[in-house]
Amino acid sequence: MHSFNAIPAFIAVVESGSYSLAANKIGVTKSALSKRINQLEDQLGTRLLNRTTRTLSLTEAGQRYFDYVSQAYSLAQQGVDAVSELQGLPQGKLKITLPMSFGINHIAPFIAEFLNQYPKIEIDLQLEDQMVDLVAGGYDLAIRIGHLPDSSLVAKRLVTCRSVLCASPDYLANHLAPIVPLDLTQHNCLQYTYFKGGNEWTFEKSKRQYKVLPKGRFSVNNSEAIRQALLSGLGIGQLPTFLAARDLKSGHLIPLMQDYQLPVHAAYAVFPQRKHLPSKVSVFIDFISSKLGGDIAYWDKELGM
């Protein structure tokens, strides 16, 4: 019966593919995790994992064991979620991953209000632009912007996200403003390297699409870094209005080619599919959705969009 205590550790190792990641996920040391797996194998009388310095894989017995216990553990978690719905105030630790710039500007400012409203919830907020594996990382929830790849995850639309082509007054004082997409080939275009729409910039006018392959001397994996470069007069770039709104309003950035439309995206709450969504997750989604503004984001309303 003692082997049941090691099941969460075993599942974490398999899903993470790493002892270090699994130990971090369940909040134990690597040595303690390794001891649990060794004890599990001793109790079952068979090796479950093939381990080398670089790789980790399931044995045939390990695969069979994982197929059964992962289903059982998932059902047990759903049971906890179902019971928690009857316990009044939502509670527990809520682990969330967010894009860095969006999280800092439009989620972090509301965290204190949320925690005051739900005093039994703790939040572990991870800010990173690179997409992470929610299950392997032990996340309850992610907020993702733009195109979502097909997966078993559930996605709930939170708010519309618009973008703007812009540059600083200093840059435009020394360069002719682009009128049509082809003009951008003559400019230093700043590029966001995690953009999921491909390398080309796409514009639309009168139901026709125009594509340009931007070229420039600066590419980076963070939108805030692009904003700073634009403000310093380095070139032309696309920014989400959730990041550019205050600079557009103050005149520190100037919108360009406004008769051409950039693709419209959305921010989504993404979470693993479960029969009973934990109340700590559902109340956070509802809370942050109301704060962001729904179909027209509060920052776009301030711009009159």
Side-chain angles (χ1 to χ4, degrees), residues 96-117 123 125-129 131 141-148 155-169 171-172 189-192 194-197 201-204 220-270 283-305:
I96 309 171
T97 175
L98 302 171
M100 186 170 292
S101 298
F102 185 79
I104 290 172
N105 286 279
H106 301 292
I107 302 297
F110 299 118
I111 292 298
E113 181 181 348
F114 176 80
L115 291 177
N116 287 332
Q117 188 171 332
I123 286 185
L125 198 64
Q126 303 292 320
L127 299 170
E128 49 206 336
D129 285 343
M131 193 173 293
L141 176 70
I143 292 180
R144 292 177 176 166
I145 298 172
H147 173 73
L148 298 179
K156 181 176 180 180
R157 186 185 179 101
L158 294 176
V159 68
T160 299
C161 290
R162 304 178 187 278
S163 297
V164 60
L165 186 74
C166 55
S168 71
Y171 180 83
L172 296 173
C189 296
L190 315 185
Q191 299 171 65
Y192 176 61
Y194 281 160
F195 180 58
K196 301 179 184 68
W201 285 358
T202 302
F203 301 86
E204 184 174 305
V220 64
N221 63 356
N222 179 265
S223 296
E224 177 61 30
I226 291 180
R227 172 179 168 268
Q228 294 293 337
L230 289 171
L231 290 170
S232 68
L234 183 60
I236 290 176
Q238 294 186 31
L239 277 182
T241 54
F242 68 71
L243 198 57
R246 63 181 180 270
D247 298 313
L248 294 169
K249 194 171 182 179
S250 67
H252 292 137
L253 289 176
I254 307 298
L256 303 171
M257 290 170 40
Q258 294 186 77
D259 50 343
Y260 289 85
Q261 288 75 49
L262 290 169
V264 177
H265 300 293
Y268 298 88
V270 180
V283 295
F284 183 82
I285 292 173
D286 291 343
F287 173 85
I288 210 65
S289 179
S290 68
K291 292 298 181 182
L292 296 179
D295 189 51
I296 303 177
Y298 72 83
W299 53 86
D300 285 341
K301 290 176 182 176
E302 293 173 0
L303 287 173
M305 297 182 70

- Say you draw a straight line from CD1 of I236 to CD1 of I226; how long is it, rounded to the nearest 0.5 Å? 13.5 Å
- Message: Tell me if a side-chain donor or acceptor on D129 pairs with a main-chain N or O of M100 at a distance below 3.5 Å.
- Response: yes
- Message: As an exercise, state the distance from CZ of F102 to SG of C161, rounded to the nearest 0.5 Å.
- Response: 5.5 Å
- Message: Going by the rule side chain to side chain contact (heavy atoms under 4.5 Å, CB included), which residues pair with L172 if we only count those two or more places apart in sequence or in a different chain?
- Response: A167, A177, I254, L256
- If you count the non-hydrogen atoms of other residues, nucleotides and ligands that lie under 6.0 Å from NE2 in H265, is the total more than 12? yes
- Between CD1 of I285 and NZ of K156, what distance do you get to the nearest 0.5 Å? 6.0 Å
- Query: Is it true that a side-chain atom of S289 and a backbone atom of D286 form a donor plus acceptor pair closer than 3.5 Å?
  - Reply: no
- Task: State, to 0.1 Å, how close I296 and K301 come at their nearest heavy-atom pair, and which atoms those are.
- Result: O-CE, 3.1 Å
- Task: Spell out, as yes or no, whether a donor-acceptor pair under 3.5 Å connects the side chain of T241 to the backbone of R162.
- Result: yes
- Out of curiosity, L248 CG to L253 CG, how far, rounded to the nearest 0.5 Å? 6.0 Å
- Message: I'd like to know whether F242 forms a side chain to side chain contact (heavy atoms under 4.5 Å, CB included) with I145, so could you lay out the CA-CA distance, the side-chain angles of the two residues, the decisive distance to 0.1 Å, and finally the verdict.
- Response: CA-CA 11 Å; F242 68 71; I145 298 172; 3.7 Å; yes
- Partners passing side-chain hydrogen bond (donor to acceptor under 3.5 Å, both in side chains) against D259 (at least two apart in sequence or in another chain): K205
- Closest contact, heavy atoms only, D247 versus R227: OD2-NE, 2.6 Å
- Query: Which atom names give the shortest non-hydrogen contact between C189 and W201, and what distance separates them?
  - Reply: CB-CH2, 3.6 Å
- Atom of I111, atom of F284 and distance for their closest heavy-atom approach: CD1-CE1, 4.0 Å
- Going through the distances and angles, do L190 and L230 end up as a side chain to side chain contact (heavy atoms under 4.5 Å, CB included)? CA-CA 8 Å; L190 315 185; L230 289 171; 3.6 Å; yes
- To the nearest 0.5 Å, what is the distance between OH (Y192) and OG (S163)? 11.0 Å
- Message: Once side-chain hydrogen bond (donor to acceptor under 3.5 Å, both in side chains) is applied, do any residues pair with E204, and if so which ones, sequence neighbours excluded?
- Response: none
- Please identify each residue that fulfils side chain to side chain contact (heavy atoms under 4.5 Å, CB included) with A297, with sequence neighbours left out. V159, W299, D300
- Item | Expected output: side-chain S168 to main-chain Y171 donor-acceptor under 3.5 Å | yes
- Message: Show, in sequence, the C-alpha distance, side-chain angles and deciding distance for F287 and E113, and conclude whether the side chain to side chain contact (heavy atoms under 4.5 Å, CB included) test is met.
- Response: CA-CA 10 Å; F287 173 85; E113 181 181 348; 4.0 Å; yes
- Considering all heavy atoms of both residues, which atom of L165 and which atom of Q238 are nearest to each other, and what is their separation? CD1-CG, 4.0 Å
- Query: Just checking, is any N or O donor in the side chain of Q228 or E224 under 3.5 Å from an acceptor N or O on the other one?
  - Reply: yes
- Message: For E302 and R246: C-alpha separation, side-chain torsions, deciding distance, then whether salt bridge (charged side-chain N to carboxylate O under 4.0 Å, His left out) applies.
- Response: CA-CA 9 Å; E302 293 173 0; R246 63 181 180 270; over 6 Å; no
- Please test Y298 against H106 for side chain to side chain contact (heavy atoms under 4.5 Å, CB included), starting from the C-alpha separation and ending with a verdict. CA-CA 10 Å; Y298 72 83; H106 301 292; 2.5 Å; yes
- Rounded to the nearest 0.5 Å, how far apart are CD1 of I143 and CG of L98? 5.0 Å
- Item | Under the side chain to side chain contact (heavy atoms under 4.5 Å, CB included) test, residues paired with A225 that sit two or more places apart | V220, N222
- Closest heavy-atom pair, P169 versus G251, reported as atoms and distance to 0.1 Å, is CG-O, 3.4 Å
- Residues that E128 engages under side chain to side chain contact (heavy atoms under 4.5 Å, CB included), provided they are two or more places apart: T97, Q126, V132, Y139
